[in-house]
4 protein chains.
Amino acid sequence: MHTVIFGRHLASMNRDLPPDIFHIATGSSEPIYRQMIEQLRRLVAGGQVKGGDGMPSVREVATALGVNPMTVSKAYSLLEGEGLLARRRGLGMVVAEREAQFHDHAARLLLLQPNLERIAVEAKQLELEPAAVIAMLADMLK
Amino acid sequence: MHTVIFGRHLASMNRDLPPDIFHIATGSSEPIYRQMIEQLRRLVAGGQVKGGDGMPSVREVATALGVNPMTVSKAYSLLEGEGLLARRRGLGMVVAEREAQFHDHAARLLLLQPNLERIAVEAKQLELEPAAVIAMLADMLK
Amino acid sequence: MHTVIFGRHLASMNRDLPPDIFHIATGSSEPIYRQMIEQLRRLVAGGQVKGGDGMPSVREVATALGVNPMTVSKAYSLLEGEGLLARRRGLGMVVAEREAQFHDHAARLLLLQPNLERIAVEAKQLELEPAAVIAMLADMLK
Amino acid sequence: MHTVIFGRHLASMNRDLPPDIFHIATGSSEPIYRQMIEQLRRLVAGGQVKGGDGMPSVREVATALGVNPMTVSKAYSLLEGEGLLARRRGLGMVVAEREAQFHDHAARLLLLQPNLERIAVEAKQLELEPAAVIAMLADMLK
DNA sequence: GTGGTCTAGACCACT
DNA sequence: GTGGTCTAGACCACA
């Protein structure tokens, strides 16, 4: 799969992530490449994926997901532009060391904040009881 | 705020709604017409807008929002197809009497459910403490 | 080409830039989309293109340059991600207002700095006389 | 800096070059093998490296730079094809005697010319004052 | 009309 | 083997 000829040249590459780290909802209106981007962002922020981890190759992911390699490539490129992935030319992509630091709990919570705010606005427009909304969310989080 | 342009004295004290009942985030990735549709649905379900209320004209809304009249027209047409608005020939759109009934609290909560579920999924991927997420939402709902 | 139906809906759109603002060296090893990106960055920094200016459409540029629309689209998308362009959905791209501010002379000089530093390193490795290098550059800048 | 590993006493006091004569920017978009080629060309033209000097082995350079030996080998092969390096069977590569002559100052300046022209073009697109550009370069060349 | 997404396939550069 | 670039063409959503 990824034959290493000279062991020491990828000192920073920890492990190769499996091609099935991405889970795509093909029915969703959200573009495939965008689903991939947001998933990887969360995986990194949550610590499931660490800096230096070797990403599965574009072709591997493409076959695993049954999508066109260009679609995967687009996601990778955008993640590279974002600083989350780094290219090892001729070798593949790795999770960037600097950017992919653990976010602490507070930082991760901040990532959810804008989405929570949207919920709050909608709940108010619906004139819902705060307690009922909170109870529903609490139930889902179990 | 609620300036009445043409006093329309009909049965059951209904009002003419102002052109600024919609609040559009032009920067959002959500289409304008869809923002309008969902806002009106919530306003009706929450009771801020009642059956028989007169909608502002396409042109009024378009200028108030700085949006293409075609976009407003599209939203109105879809809401009409949905049964939430009704066309009164020569008089413009009014909120439909039959469809636009108060939803009770449980029904309104159901409208929020899918969005809450998205939040729950994201919170789990971020490995957030349920208590922290709930506390944040509770704070926003005050 | 760009028929405006209702004049007031694009208050911030100053003028439509011609499709030939880009000059592509097809022989270059530098990718087409990257040439476009760097050219627009410089045009904005230099003030030749201002915030609010309407970009020519993807299809116009593509035919003017004789390249695939997707190539132009890629450049536009990356420039949007960079904040230099903004999408007006259904209407096309405009130069972003916030990002596309005049750079003053000092700021523009900073854009050239890294490239100049590369030159300096190379000149030293070639053990060139500073005066000769400077004279050559001065001649080219006339 | 110039540590001699194996004293090789041949005609015309030539040295063994250290494995760290190359300085690679792995983050650069310029390919590693190309960086190596251009650096060696400049070092030879500038006289820091002379005909007959012994190049460090592929393996030495690869480990010193943390680069794949194939990459170093590719650079060496291309430099050999160019005539700048020569293969001494069983002894490794040496800098070629015939090709690796001092370039006089004018010839070396010519090597820098294309890069300077790129700078000039960019400076014009940025509408920079020639004097300011020249001053900045002069400062760097000190 | 606008841009966005995805597919299929070819070719290239780098390691 | 790796990713990058470009083309050609189809389909969609938005205004």
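Being a predicted model, the structure only gives us computed values, none of them experimental. Lettering follows sequence order; numbering is per chain, from 1.
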Exercise. Taking only residues at least two apart or on different chains, which pairs with a member in residues 21-34 of chain A satisfy salt bridge (charged side-chain N to carboxylate O under 4.0 Å, His left out)?
Worked result: none
For this session: May I ask you to evaluate whether R59(A) reaches the phosphate of dG3(F), defined as a side-chain N or O under 4.0 Å from OP1 or OP2?
Result: yes
For this session: Ignoring backbone atoms, test whether S57(C) places a side-chain nitrogen or oxygen under 4.0 Å from the OP1 or OP2 oxygen of dG1(E).
Result: no
For this session: Quick one: stems involving DNA chain E, counted as three or more successive Watson-Crick or G-U pairs, both distances short of 3.5 Å.
Result: E:1-14 with F:1-14
Exercise. Taking only residues at least two apart or on different chains, which pairs with a member in residues 68-79 of chain A satisfy salt bridge (charged side-chain N to carboxylate O under 4.0 Å, His left out)?
Worked result: none
Exercise. Quick one: N68(C) CG to dT7(F) C1', roughly how many Å, whole number?
Worked result: 5 Å
For this session: Decide side chain to side chain contact (heavy atoms under 4.5 Å, CB included) for E82(A) and I37(A); before the verdict, give the C-alpha distance in whole Å, the side-chain angles of both, and the deciding distance to 0.1 Å.
Result: CA-CA 10 Å; E82(A) 198 175 295; I37(A) 287 175; 4.1 Å; yes
Exercise. Rounded to the nearest Å, what distance is computed from the OH atom of residue Y76(D) to the C1' atom of nucleotide dT15(E)?
Worked result: 17 Å
For this session: Can you tell me the distance, in whole Å, between the CE atom of M70(D) and the P atom of dT2(F)?
Result: 15 Å
For this session: Map P69(C) and G90(C) onto DNA chain F by nearest heavy atom, then report which one ends up closer to the 5' terminus.
Result: P69(C)
Problem set entry | Rounded interatomic separation in angstrom, taking CE from M93(A) and C1' from dT15(E) | 16 Å
For this session: Check the distance between dA15(F)'s P and R88(C)'s CZ and give it to me in whole angstrom.
Result: 12 Å
For this session: Check the distance between dA15(F)'s P and L65(B)'s CG and give it to me in whole angstrom.
Result: 12 Å
Exercise. Which residue, G66(A) or I32(D), contacts DNA chain E at a nucleotide closer to its 5' end, judged by nearest heavy atom?
Worked result: G66(A)
Problem set entry | Below 4.0 Å: OP1/OP2 of dA13(E) and any side-chain N or O of R34(D) | no
Problem set entry | Any Y76(C) side-chain heavy atom under 4.5 Å of V61(C) side chain | yes
Exercise. Are any non-hydrogen side-chain atoms of V94(C) and D53(C) less than 4.5 angstrom apart?
Worked result: no
Problem set entry | dT7(F) phosphate, OP1 or OP2, under 4.0 Å from T71(C) side-chain N/O | yes
Seminar exercise, completed: Nearest heavy-atom approach of G83(A) to A96(A) is O-CB, 3.2 Å
For this session: Would you indicate which nucleotide in dG3(E), dC14(E), dG4(F) comes nearest to any side-chain atom of P31(D)?
Result: dC14(E)
Exercise. According to a strict under-4.0 Å criterion, is Y33(A) in side-chain N/O contact with OP1 or OP2 of dT5(E)?
Worked result: yes
Problem set entry | Between dC14(F) (C1') and I37(B) (CD1): distance, integer Å | 12 Å
Exercise. If we only count heavy atoms from C-beta on, is the I119(C) to L112(D) side-chain gap below 4.5 Å?
Worked result: yes
For this session: Check every strand shown and say whether S29(A) touches a base, only sugar-phosphate, or nothing at a heavy-atom separation below 4.0 Å.
Result: nothing
For this session: To the nearest Å, give me how far apart CE (M36(C)) and C1' (dC6(F)) are.
Result: 13 Å
Problem set entry | N/O (side chain, S73(A)) to phosphate O (OP1/OP2, dG3(F)) under 4.0 Å | no
Exercise. Does R89(A) have a side-chain nitrogen or oxygen under 4.0 Å from the phosphate oxygens OP1 or OP2 of dT15(E)?
Worked result: yes
Seminar exercise, completed: Ranking K74(D) and R87(C) by the position along DNA chain E of their nearest nucleotide, the one closer to 5' is R87(C)
Exercise. Should R42(B) and L111(B) count as side-chain neighbours, where that means a heavy-atom distance under 4.5 Å?
Worked result: no
